[in-house]
Each structure stands twice: as structure tokens, then as C-alpha cells.
4 protein chains.
Amino acid sequence: MGSILRATARILTRDGYEGASTNRIAEVAGVSVGSLYQYFPSKDAIVAALIDAHCEEMFEVFRRELAAVAGADLEAAARAVVAAQIEAHKVNPKLHRVFLEQLPKVGMLKRFHEIGRRSEALVRTYLEARREEMRPANLDLAAFLLVTTVEAVTHAAVIDQPERLDDPDFIPEVTALCVRYLAKGSGPPRG
Amino acid sequence: MGSILRATARILTRDGYEGASTNRIAEVAGVSVGSLYQYFPSKDAIVAALIDAHCEEMFEVFRRELAAVAGADLEAAARAVVAAQIEAHKVNPKLHRVFLEQLPKVGMLKRFHEIGRRSEALVRTYLEARREEMRPANLDLAAFLLVTTVEAVTHAAVIDQPERLDDPDFIPEVTALCVRYLAKGSGPPRG
Amino acid sequence: MGSILRATARILTRDGYEGASTNRIAEVAGVSVGSLYQYFPSKDAIVAALIDAHCEEMFEVFRRELAAVAGADLEAAARAVVAAQIEAHKVNPKLHRVFLEQLPKVGMLKRFHEIGRRSEALVRTYLEARREEMRPANLDLAAFLLVTTVEAVTHAAVIDQPERLDDPDFIPEVTALCVRYLAKGSGPPRG
Amino acid sequence: MGSILRATARILTRDGYEGASTNRIAEVAGVSVGSLYQYFPSKDAIVAALIDAHCEEMFEVFRRELAAVAGADLEAAARAVVAAQIEAHKVNPKLHRVFLEQLPKVGMLKRFHEIGRRSEALVRTYLEARREEMRPANLDLAAFLLVTTVEAVTHAAVIDQPERLDDPDFIPEVTALCVRYLAKGSGPPRG
DNA sequence: AATGAATGAGAATTCATTCAT
DNA sequence: GATGAATGAATTCTCATTCAT
């Protein structure tokens with residue numbers, strides 16, 4: 001079971017979805033195709049299990065890092081969300097990329113949306129706890145925007161433009177993006 | 001040839017990637033498989049051409065809408081960027097979705113990253129023209145963050161959570177996210 | 001083992017030959033595949049044993065019913081043969097059908113031919129005991145024709161056209177077919 | 001197309017259903033598997049087409065021989081039915097046997113039942129034309145019994161006990177079986 | 001005796017691509 | 001240029017059978 005998932009992950013990161021035939025997975029896993037089908041009902045099920053495990057891992061990193069700053073102020077919390085997402089993306093960037101770039105089956109992506117929503121829930125809980133400090137009235141929308149934004153920016157940086165992470169301004173600026181959006185007192189000099 | 005691309009787009013949006021075999025594309029296009037291979041060297045080339053055309057269309061919408069507010073103030077420009085991205089995603093959402101969710105070939109996604117970068121360039125030009133109004137020192141980073149953010153938020157809304165677009169707060173809040181990040185005078189109470 | 005045969009029969013009648021894999025048989029029988037192979041050398045052997053048991057049951061019904069009219073006259077005996085065959089086919093019609101319609105292995109059918117021959121022997125014995133009443137000189141051929149005929153007609157009725165059995169003429173006519181063939185005095189006007 | 005059917009027939013008669021894999025059929029036919037699937041949607045479709053052709057051939061022989069004695073008397077007609085069935089079974093006995101002994105799919109057999117019914121229709125028409133000579137009141141049942149009987153007896157002889165055909169009594173006796181059943185005046189000396 | 005995980009040959013089917021006409 | 005029949009490697013999945021425990 002574990003060896004099958006590990007073999008699949010390995011093939012996926014090396015050769016992409018194309019190379020991951022069930023026979024090849026079995027071969028790399030050092031088991032027979034028959035055994036593979038004793039543990040997983042289909043090829044898709046293997047990939048799905050792998051995605052689930054990956055998502056769970058990422059979410060766990062995110063959840064833990066966020067929990068660590070539950071009591072901190074807005075700025076610290078924002079910074080934590082950003083750092084958490086970056087860390088979560090570092091769990092297995094190559095595999096992450098393959099999942100998002102090469103998954104031909106509808107439904108695979110839904111598993112990713114799910115961690116998005118679960119992340120939103122965590123963030124919303126934090127925001128609601130400090131509602132009086134928050135400018136946005138709709139905290140549900142705010143959580144959606146924050147999570148989507150930080151995930152996108154993080155993803156783009158970690159996966160596509162790793163040099164962005166070397167920019168010392170990166171984390172501060174992403175944090176600013178969040179904080180200035182959320183913080184009550186602030187705002188552009190209207191008019 | 002146009003009929004081949006049109007047929008491919010039609011099959012892709014109707015039946016997804018699975019249904020798009022070269023024989024079926026040729027059939028729907030009303031040509032023979034042989035002819036198909038006279039115009040495109042491979043199946044991937046057809047899909048690539050289709051993606052290119054789609055991206056070009058999206059970028060053109062974005063470019064045009066942005067140009068229209070080239071002289072406007074920050075708030076208006078931000079709102080324009082947001083609206084532009086939403087419009088761009090409405091060019092052919094079904095096809096857009098298929099491209100991003102079902103394409104098992106490496107490299108297809110890179111074509112999408114490209115419009116991202118071209119969009120960034122446009123935005124950076126705008127930002128630089130009003131540098132003195134801008135809080136961020138690194139306008140390249142700012143452009144990256146803005147474009148990535150607005151694209152992600154727009155994409156998530158248009159493709160995955162269409163009900164978000166019905167929320168009257170949506171565009172204002174996304175605009176706020178951009179403007180408060182950019183505007184000089186603003187900032188959290190802290191400083 | 002009985003439970004294995006019972007499980008096989010159950011699967012065969014419910015799901016047909018396709019569903020009867022050794023693993024499924026073992027599962028339904030409540031034993032392990034390994035145990036299954038301790039009792040039967042192969043899957044074919046299980047099916048063969050099942051056929052044998054089924055044929056034996058059918059033959060036993062036939063034999064018993066025929067014996068009951070051993071002393072009766074020709075007409076009664078003929079009617080008994082017919083009734084016996086009908087009863088024999090009612091032993092387990094579903095299983096009977098599966099055996100004859102879905103068994104892809106050479107040699108399975110031979111087991112059915114065997115009861116045919118054994119039935120012929122019984123009938124021949126009866127005919128010989130009343131040789132002087134019989135028109136046919138070749139009682140071996142007569143027995144073959146009778147058994148084959150009654151089996152075919154019965155089979156077609158029970159298995160394929162059950163409504164035939166509701167026809168009150170059915171048994172009398174089949175009996176007539178036999179008796180008129182056998183009886184000495186009778187014959188077409190011609191001679 | 002023809003070569004595929006011919007190859008299938010050849011494999012079926014030589015090695016039985018087991019040996020007839022699509023790859024093997026294609027190989028023997030001298031075409032590629034791909035071509036095979038260009039002509040037939042599935043393996044079953046090939047076998048079905050083969051059965052249909054075989055049944056049609058058999059039925060045609062039967063129909064023609066019966067037509068030839070349409071005007072003849074009962075005895076001659078009966079003899080013709082018998083001879084027709086024997087000839088029909090000689091069309092391709094080996095293939096016939098395979099079809100009836102090794103066809104694992106339900107529905108294949110139905111195609112055989114169909115020629116049975118079509119044969120019954122022909123026979124019934126003949127019987128009705130000479131209704132006044134006939135003893136049985138129910139000519140539908142009579143046709144069913146005759147066709148089923150002659151088919152069974154013929155089949156058993158041609159396929160399973162070829163030596164029966166060498167018996168000079170065989171055809172006369174089968175004819176007697178039919179004629180004595182049908183002919184009006186005759187009958188066992190009741191009581 | 002019993003177990004059931006492991007085996008792996010083999011089956012049906014697909015589909016991008018070619019090339020003779 | 002256009003055609004479309006032919007190709008055949010490759011894919012997913014099954015299942016009778018084995019054998020170490």
C-alpha cells in the first residue's frame with residue numbers, strides 16, 4: 001500500500017501523469033499489478049489517495065502554524081498565514097505541481113478546493129474572534145479573498161518563480177497585502 | 001484550420017478531454033484525419049494552438065479594458081483591473097476550465113503563465129507612471145502580487161464559486177484589496 | 001465440500017457464469033480460496049462436480065418415476081417417461097439453464113449426454129420387456145429416439161417456453177408422439 | 001470483414017471459444033486488432049455475426065428442402081423435414097457444435113431459438129394446408145413438437161453419435177416418429 | 001488444514017499517427 | 001490536397017492459481 005503510493009509519487013514527479021501506468025507503478029513499487037488492484041480499485045483511486053494524503057499533510061502544516069499564532073495580533077497572524085502557506089507548499093512542491101498541472105480527471109481538483117475551504121474556515125474563525133479590529137463587514141468574503149490570495153501568490157512563487165522567495169520584500173509585502181486589506185483604521189486617502 | 005480548432009473547442013467544452021480523439025475532432029470538423037494532420041503536426045499542437053488563441057483573446061480583453069482607464073486614478077484603475085480580469089474569464093469559461101483542469105500534458109499550463117507575465121508588464125507600466133502615489137517600493141513585485149491575486153480571486157469566483165459574483169461586495173472588496181495595498185497614505189494604525 | 005458447491009450453484013443461478021470467480025465462490029462459501037483448492041483441483045472441477053450432482057439428481061428423479069410404472073402398460077409408461085422428464089427438469093431449472101447456456105468449457109456438456117445414455121438404457125430395458133407389443137425392430141434406436149425426443153421437447157418447454165406447459169394438450173400430445181411411434185398395431189393408413 | 005469472420009470460425013472450430021481472443025483472431029485474419037475493431041464493435045459482435053450467418057445458412061437449407069416437397073404427401077414431407085434437418089446440420093457441424101457447447105454469453109442461444117421458431121412457422125404452414133389429413137387438433141403444438149423433435153434427434157446424431165446415421169433404420173424410423181404422430185387414421189389399438 | 005496476499009499472464013479495447021490511393 | 005482504412009503499441013484491469021505462514 002505504502003510502497004504503491006510512494007512509487008506513484010515517484011513516477012508522477014519524475015515522468016508526469018503520462019508515465020504512470022498501472023503496470024509501471026506496480027513494477028516500481030516492487031509488487032505485481034494484481035497486488036496493486038488488491039489495494040486500490042482503480043488507477044484513479046491511487047492518484048486520489050495520493051492527493052488526499054498530500055492535501056492532508058499540507059492542511060496540517062497550515063493548521064498547526066496558524067494555531068501557533070492564534071492569540072497574536074493581526075500583523076503577526078497575517079505573517080503567520082503567509083508563512084504557513086509557504087511552508088505548506090514546501091511539503092512536496094514537485095508533487096504539488098504535478099497534481100495541479102497534469103491531472104486529467106475532473107474531480108481530482110475538487111480535493112484541492114476542499115483544503116481551500118477548510119483553510120477559509122480556520123481563517124474566518126480567527127477573523128471573527130477579532131471582529132472589532134476588522135474593516136471588512138463580510139468576514140466570509142474576507143476569508144475567501146485572503147486564503148485565495150495567499151495561496152495563489154505562494155503557489156506562484158514556490159512553484160513557478162522560486163526566485164521571488166529570495167526577495168526580502170516578498171513576505172512583508174504579502175503580509176502588507178493582507179493586513180492593509182483587513183485593518184480597520186487604515187485606507188487610502190479617499191478624495 | 002479554423003474548423004478544426006472550433007471542433008476541438010466544442011468537443012472539449014462538451015465532453016472534456018477524454019472525448020477529444022483526433023478521429024472525433026476530424027469528424028466534428030467535417031474533415032478527414034489525414035487533413036487534420038496536414039494542418040497540425042500532432043494532437044498536442046491542436047490543443048496548444050487552441051490554448052494560445054484562448055489566451056490571446058483573454059489577454060486582449062484585459063489589455064483593452066486596462067487601456068481604457070490608463071488615465072484614471074488609482075481606485076478607478078484598480079476597479080478596472082478587477083473588472084478586466086472578470087471579463088477576461090468570461091470569454092469562454094467552460095473552455096478555460098477544461099484547459100486548467102483536464103490537460104494532462106506538461107507545458108500546456110506554461111502558456112497560461114505567459115499571459116500572467118504579460119499582464120504584469122501592463123500593470124507595472126501603469127504603476128510606474130504613478131510611482132509617486134504608490135506605497136510599494138518594488139513595483140515589479142507589486143505588479144506580480146496584484147496580477148496573481150486578482151487572477152486567482154477572479155478565477156476562483158468565475159470558475160468554482162459563481163455565487164461569489166452575485167455578492168455586491170465582491171468587486172468593491174477585491175478593489176479594496178488592491179487599492180489599500182497600493183495607496184501610499186493608507187496603512188494599518190501601527191504606522 | 002458442500003458449502004463450496006452450494007455457493008457455486010447460488011452464484012451461477014444468480015449472476016451467471018461471469019460472476020463465478022473462485023474468489024467469489026470462496027467468499028460466498030465462507031471459506032478461503034486456499035481451502036477451496038484443497039477440495040477441488042481447479043475451478044472447472046467445481047463446476048464439473050456441480051454438474052455431476054445436478055445430473056445425478058435429475059437422473060434419480062427420472063429413474064424413480066420410471067420404476068414406479070415398470071409394470072404398467074405402454075400408454076401409462078409413455079406418460080410416465082414424459083412426466084419423469086418434466087419433473088427431472090424442474091429439479092433446478094435455473095441451474096440447468098446456466099449449465100447449458102453459459103458453460104464455455106469443452107467437455108462439460110458430455111456429462112449431460114451421459115444421463116441421456118443412462119436414461120436410454122432404462123427405457124430400452126422397459127421396451128425389451130414388452131418387445132412383443134412393440135412395432136420398432138431396433139429397440140436400441142427406439143430408446144434413443146424416445147429419450148432424445150422427450151428430453152428435447154421437455155427441455156424446450158421447461159426452459160424456453162414455459163407457457164407450453166400450461167397447454168392441457170402438451171403432455172397428452174407428447175405421450176401420443178411416443179405411443180403412436182411404439183405401438184405395434186398402429187400406423188399410417190398406408191400399411 | 002470476411003477474413004475476420006473466417007478467422008474466427010477457424011479458431012472456434014480448432015481451439016474453441018477459449019482460444020478466440022481478439023488479438024488472435026486479428027492475427028489469424030491477417031489484420032491488426034485495430035482493423036478488427038473498425039468492423040466490429042466488440043468481440044461478442046464478431047461471434048454474433050458468425051452465428052447469424054451460420055443460422056441463416058442452416059435455415060436456408062431447411063427452407064429450400066422443405067419447399068421442394070411442398071406438394072408431396074405426408075410421408076414424403078416428413079421424410080423431407082428429416083432429411084432437411086440432417087442436411088442443415090451438415091452445413092458446418094464443427095462450428096455448430098462450438099456454438100451450442102461453448103457459448104458463454106446469454107443471448108447467443110436466442111439466435112438459435114429463432115431459427116427454431118422460423119422453422120416451426122414453415123412446418124405449421126405445411127400442416128395447415130393438409131389439415132384434414134392431420135390427427136392433432138393443435139397444429140401449432142404439433143409443429144413445435146415436430147421441429148423440436150427432429151432437430152434434437154438430428155443434432156444428437158450428427159453431432160454426438162455420427163454412427164447413428166449409418167443405421168439404415170435411422171431416417172425411416174425418425175420419419176415414422178413424425179408420420180405416426182401426425183397421421184389421422186392411425187393410432188394404437190386403444191383398449 | 002486453513003488462510004489470503006501475492007502473482008502475472010493475458011484479455012479486451014483505444015487512439016495517435018501513417019500512407020497508399 | 002484530401003482521404004480514411006490500417007496500424008499496433010500501450011493501457012487498464014481480471015482471475016485462476018500458488019505458497020509462505
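Chain naming here is simple, since letters A, B, ... match the order of the sequence lines and numbering starts at 1 in each. As the structure is a computational prediction, the values presented were derived from the model and not from experiment.
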Checklist entry - Could you go step by step and tell me if V33(A) and I25(A) meet the side chain to side chain contact (heavy atoms under 4.5 Å, CB included) rule? => result CA-CA 8 Å; V33(A) 223; I25(A) 291 172; over 6 Å; no
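- For the pair I46(D) CD1 and dT13(E) P, the computed distance is 9 Å after rounding to whole Å.
- Using a 4.5 Å cut-off on side-chain heavy atoms (C-beta onward), E60(C) and E56(C) make no contact.
- Across the protein-nucleic acid pair, F40(D) atom CZ and dA5(F) atom P stand 15 Å apart, rounded to whole Å.
- Looking at F40(A) and V47(A), their side chains never come closer than 4.5 Å, going by heavy atoms from C-beta outward.
- Rounded to a whole angstrom, the distance from the P atom of dA1(E) to that of dT21(F) is 22 Å.
- Here the P atom of nucleotide dC13(F) and the CD1 atom of I4(A) are 14 Å apart, to the nearest Å.
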Identify the pairs formed between an N or O of the protein and an N or O of nucleotides 14-18 of chain E at a distance under 3.5 Å, and give each distance.
residue, atom, partner, partner atom, Å
dA16(E), OP1, K43(B), NZ, 2.8
dA16(E), OP2, T22(B), N, 2.5
dA16(E), OP2, T22(B), OG1, 3.0
dT17(E), OP2, Y37(B), OH, 2.8
dT17(E), OP2, K43(B), N, 3.0
dT17(E), O5', Y37(B), OH, 3.3

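- Side-chain nitrogen and oxygen atoms of Y39(B) include at least one within less than 4.0 Å of the OP1 or OP2 phosphate oxygen of dA2(F).
- Between N92(D) and K94(D) there is a side-chain heavy-atom pair separated by less than 4.5 Å.
- Ring geometry for H96(D) versus H54(D): interplanar angle of 30 to 60°, hence tilted.
- Nucleotide dG4(F) holds its C1' atom 18 Å from the CZ atom of R24(B), rounded to whole Å.
- The nucleotide whose nearest atom lies closest to any side-chain atom of S32(B) is, among dA2(F), dA6(F), dT3(E), dA2(F).
- Side-chain contact check for Q161(B) and H113(A): no donor-acceptor pair (N or O, by modelled atom type) lies under 3.5 Å.
- Whole-Å rounding puts the E27(A) CD to dA9(E) C1' distance at 15 Å.
- Stacking of K90(C) on the aromatic ring of F62(C) is not recorded, the 6.0 Å distance cut-off and the 45° axial limit not both being met.
- Looking at which nucleotide of DNA chain E each of G19(D) and V31(C) is closest to, the 5′-most match is held by V31(C).
- Atom pair M1(B):CE and dG1(F):P shows a separation of 11 Å (rounding to whole Å applied).
- Going from atom CD1 of I25(B) over to atom C1' of dG4(F) covers 16 Å, rounded to whole Å.
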Item to check | Strand DNA chain F as a dot-bracket string - pairs counted if Watson-Crick or G-U with both distances under 3.5 Å, | where the partner lies in another strand | outcome: .||||||||||||||||||||
Next on the checklist: Please evaluate residues T13(B) and R97(B) with respect to the criterion side chain to side chain contact (heavy atoms under 4.5 Å, CB included), reporting the C-alpha separation (whole Å), side-chain torsions for both, the decisive distance (0.1 Å), and the verdict.
Outcome noted: CA-CA 9 Å; T13(B) 50; R97(B) 174 171 217 150; over 6 Å; no
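- Regarding Q38(A), its CD atom lies at a distance of 13 Å from the C1' atom of dA16(F), rounded to whole Å.
- Proximity of R24(B) to D15(B): side-chain heavy atoms (C-beta onward) are separated by under 4.5 Å at one or more points.
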